[in-house]
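First up is the structure itself, then whatever we jot down about it.
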Amino acid sequence: TLVAAIGVVRMPDLFTRLHCSTKSATLGVGFMMVGAAVHFNEASLWARALAVVLFFFATAPVAAHMIGRAAYFSGVLLWRGTLSDELKGRYDATTHSLASPEEAGTREDKINGNA
């Protein structure tokens, strides 16, 4: 959890902050719940800890994905040190769908009048 907090402060853009906070915080919460269950060693606490871990593992990555997707499509800038943007030219704003790399190439050709 400390690594997640440090990552949120140190990372340069929204997308890397989402990545480090989701991965580290999810593991941090999971380990804390398992630690509490081991410490108290009660069946009911094990069940609750397992429920919390499963809920967190199911919701945190999905929420981060949706936030990142919304941020990307609304135009949040990537960090200037980003090496590649694999989604560039593949998103159709009218249908809100992503095209495969092959479809994206034909779509750009149609837009440029080459097809």
Output side-chain donor-acceptor pairs under 3.5 Å for residues 73-81, partner residues at least two apart or in another chain, one line each.
| unit_1 | atom_1 | unit_2 | atom_2 | d |
| --- | --- | --- | --- | --- |
| Ser74 | OG | Ala70 | O | 2.9 |
| Ser74 | OG | Ala71 | O | 3.1 |

Worksheet item: With sequence neighbours left out, what residues match Ser84 under side-chain contact (heavy atoms from CB on, under 4.5 Å)?
Response: Glu86
Worksheet entry | ring-ring contact (aromatic ring centres under 6.0 Å, His included) contacts touching residues 18-65 (sequence neighbours left out) | none
Response to the item:
CD1 (Ile67) and CG (Leu14) are apart, to the nearest 0.5 Å, by 8.0 Å
Item to complete: Go through the structure and list residues passing side-chain hydrogen bond (donor to acceptor under 3.5 Å, both in side chains) with Thr16, not counting sequence neighbours.
Response: Asp13
Discussion item. Starting from Met11 and following side-chain heavy-atom contacts under 4.5 Å between hydrophobic residues (I, L, V, M, F, W, Y), which residues can be reached?
Written reply: none
Discussion item. Going by the rule side-chain hydrogen bond (donor to acceptor under 3.5 Å, both in side chains), which residues pair with Asp85 if we only count those two or more places apart in sequence or in a different chain?
Written reply: Tyr72
Worksheet item: Shortest non-hydrogen contact from Met32 to Thr1?
Response: CE-OG1, 3.2 Å
Worksheet item: Where do Val8 and Ser21 come nearest, in terms of heavy atoms and distance?
Response: CG2-CB, 3.5 Å
Worksheet entry | Verify same cluster id: Val52, Leu27 (apolar side-chain graph, 4.5 Å) | yes
Worksheet item: By side-chain contact (heavy atoms from CB on, under 4.5 Å), which residues pair with Leu50, not counting sequence neighbours?
Response: Leu54
Discussion item. Under the side chain to side chain donor-acceptor pair (under 3.5 Å) definition, can you give me all pairs with a residue in residues 22-32, not counting sequence neighbours?
Written reply: none
